[in-house]
K.L.:
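Once you've had a glance at the structure underneath, I'll fire off some questions.
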Amino acid sequence: MMAERIRDYLLSLEPDSGPLLQEIERKAGERGIPIIKRETGALLRTLVAAKQPGAILEVGTAVGYSAIWMAEAAPDNCTVTTIEKFRPRAEEARENMARAGMSGRIRILEGDAGEILGDLTGLYDFIFMDAAKGQYLNWLPRLMELLPAGGMLVSDNVLQGGTVLESRFAVERRDRTIHARMREYLWTLKHREELETAIVPVGDGVAISVKR
Ligand code: SAH
Ligand code: MG
């Protein structure tokens, strides 16, 4: 989203993520698994470090990259609960957590988030939404129940490579439903009384919301 030269420069400033995260980044890239971008990772870590959450919830584990990234920045006693519906990915994520020495702090729940979210009990003061974009709007009411006052909801991929700004007629027919839903999601985040939201064009677009 940012001008390419600015992005290259900012990436050149990023410290080394270490051998394990680099290997996960490379392997995910080779297989087209959409893990967060480096700059999104830096933003997420900074938000977690500021918030100092007691319990993080992630929707969309993939191979555990962002979960490890958040757990590293969180206080030692913070737990991470992350949901993934695709079994091979959840298994690979479990291996990656073990290799990162994070198995004790990160819990992977395997299954469809629509069902699992309904079964969760307790509150999560930091929620990272990074799964099926067409479902964000449907899941939002449940996430609001799981989020305490002062809690933070971070939503990834909200600008969809820029297509979210196009009119629905400029978008391919097959992408129109998701396009309309994402626009409605962003509108809702900005207009719900109980939320304070900033939408930032970092990575693929990130919405940062705080519950009043
Ligand atoms: N957060 C990860 C990337 C997640 S990619 C990272 O940055 O490292 C999105 C993941 O969400 C995919 O692995 C996909 O299988 C999963 N997903 C999509 N729809 C889902 C659903 N309804 N329930 C649970 N997981 C879902
Ligand atoms: Mg994402």
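Ligands are counted one by one from 1 in listed order, and the atoms in each one are counted from 1 as well. Small disclaimer: the values here were computed from a predicted structure and weren't measured.
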K.L.:
At a non-hydrogen distance cut-off of under 4.0 Å, which region of Ile33 contacts ligand 1 (side chain, backbone, both, or neither)?
P.N.:
neither
K.L.:
Is the shortest side-chain heavy-atom distance between Leu195 and Met144 below 4.5 Å?
P.N.:
yes
K.L.:
Let's go through Arg26 and Glu23 carefully: what are the C-alpha distance in whole Å and the side-chain angles of both, what is the deciding distance for salt bridge (charged side-chain N to carboxylate O under 4.0 Å, His left out) to 0.1 Å, and is it a yes or a no?
P.N.:
CA-CA 5 Å; Arg26 182 176 49 75; Glu23 182 195 312; 5.3 Å; no
K.L.:
Keeping Arg105 on the side-chain end and Ala71 on the backbone end, is there a donor-acceptor pair under 3.5 Å?
P.N.:
yes
K.L.:
Mind checking whether Glu58 contacts ligand 1 via backbone (N, CA, C, O), side chain (CB onward), both or neither, at a 4.0 Å heavy-atom cut-off?
P.N.:
side chain
K.L.:
Among Ala93, Ala28, Gly134, Ser66, whose heavy atom sits nearest atom 8 (O) of ligand 1?
P.N.:
Ser66
K.L.:
Using a strict cut-off of 4.0 Å, indicate which atoms of ligand 1 neighbour a heavy atom of Trp139.
P.N.:
21 (C), 22 (N)
K.L.:
Name the closest protein heavy atom to atom 7 (O) of ligand 1, giving the residue it belongs to and the distance to 0.1 Å.
P.N.:
Ile36 N, 2.8 Å
K.L.:
Kindly say whether Glu166 contributes a backbone atom to a donor-acceptor pair with the side chain of His179 at under 3.5 angstrom?
P.N.:
yes
K.L.:
Is there a heavy atom in Pro34 that sits closer than 4.0 Å to ligand 1?
P.N.:
yes
K.L.:
Around atom 9 (C) of ligand 1, find the nearest protein heavy atom and jot down its residue, atom name and distance.
P.N.:
Asp130 O, 3.2 Å
K.L.:
May I ask you to check whether Thr40 brings an N, O or S atom to under 2.8 Å from the Mg ion (ligand 2)?
P.N.:
no
K.L.:
Hey, is there an N, O or S on Asp130 sitting under 2.8 Å from the Mg ion (ligand 2)?
P.N.:
yes
K.L.:
What's the atom name of the N, O or S in Asp156 nearest to the Mg ion (ligand 2)?
P.N.:
OD2
K.L.:
Heavy-atom contact under 4.0 Å between Val63 and ligand 1?
P.N.:
no
K.L.:
Provide, to 0.1 Å, the distance between atom 17 (N) of ligand 1 and the closest protein heavy atom, together with that atom's residue and name.
P.N.:
Ala131 CB, 3.8 Å
K.L.:
At less than 4.0 angstrom from any non-hydrogen atom of Ala62, what atoms of ligand 1 do you find?
P.N.:
2 (C), 3 (C), 4 (C), 5 (S), 13 (O)
K.L.:
Tell me whether Glu194 contacts the main-chain N or O of Arg212 through its side chain, where contact means a donor paired with an acceptor under 3.5 Å.
P.N.:
no
K.L.:
So which protein heavy atom does atom 18 (C) of ligand 1 come closest to, and at what separation?
P.N.:
Ala132 N, 3.6 Å
K.L.:
Enumerate the atoms of ligand 1 whose separation from the nearest heavy atom of Gly111 is less than 4.0 angstrom.
P.N.:
23 (N), 24 (C)
K.L.:
Name the one of Arg94, Arg89, Lys85 that satisfies salt bridge (charged side-chain N to carboxylate O under 4.0 Å, His left out) with Glu110?
P.N.:
Arg94
K.L.:
Can you tell which of Lys37, Lys85, Glu84 gets a heavy atom nearest to atom 16 (C) of ligand 1?
P.N.:
Glu84
K.L.:
Any N or O of Ala113 that comes nearer than 3.5 Å to an N or O of ligand 1?
P.N.:
yes
K.L.:
Does ligand 1 have an atom under 4.0 Å from some heavy atom of Ala67?
P.N.:
no
K.L.:
Any idea which protein heavy atom is nearest atom 12 (C) of ligand 1, and the distance to it?
P.N.:
Arg89 NH1, 3.2 Å
K.L.:
Looking at Ile116, Ile108, Asp112, which one forms a side-chain contact (heavy atoms from CB on, under 4.5 Å) with Ile83?
P.N.:
Ile116
K.L.:
Can you find a pair of side-chain heavy atoms, one from Met152 and one from Leu47, that are under 4.5 Å apart?
P.N.:
yes
K.L.:
Mind checking whether Asp125 and Lys51 have side chains closer than 4.5 Å, heavy atoms only?
P.N.:
yes
K.L.:
Heavy-atom distance under 4.5 Å between the side chains of Leu11 and Arg7, does that happen here?
P.N.:
yes
K.L.:
Tell me which protein heavy atom sits closest to atom 22 (N) of ligand 1, plus the residue, atom name and distance to 0.1 Å.
P.N.:
Asp112 OD1, 2.8 Å
K.L.:
Considering only heavy atoms from C-beta outward, does the side chain of Glu72 approach that of Met102 to under 4.5 Å?
P.N.:
yes
K.L.:
Give a yes or no on whether Met182 and Ile199 share a hydrophobic cluster (residues Ile, Leu, Val, Met, Phe, Trp, Tyr; joining criterion: side-chain heavy atoms under 4.5 Å apart).
P.N.:
yes
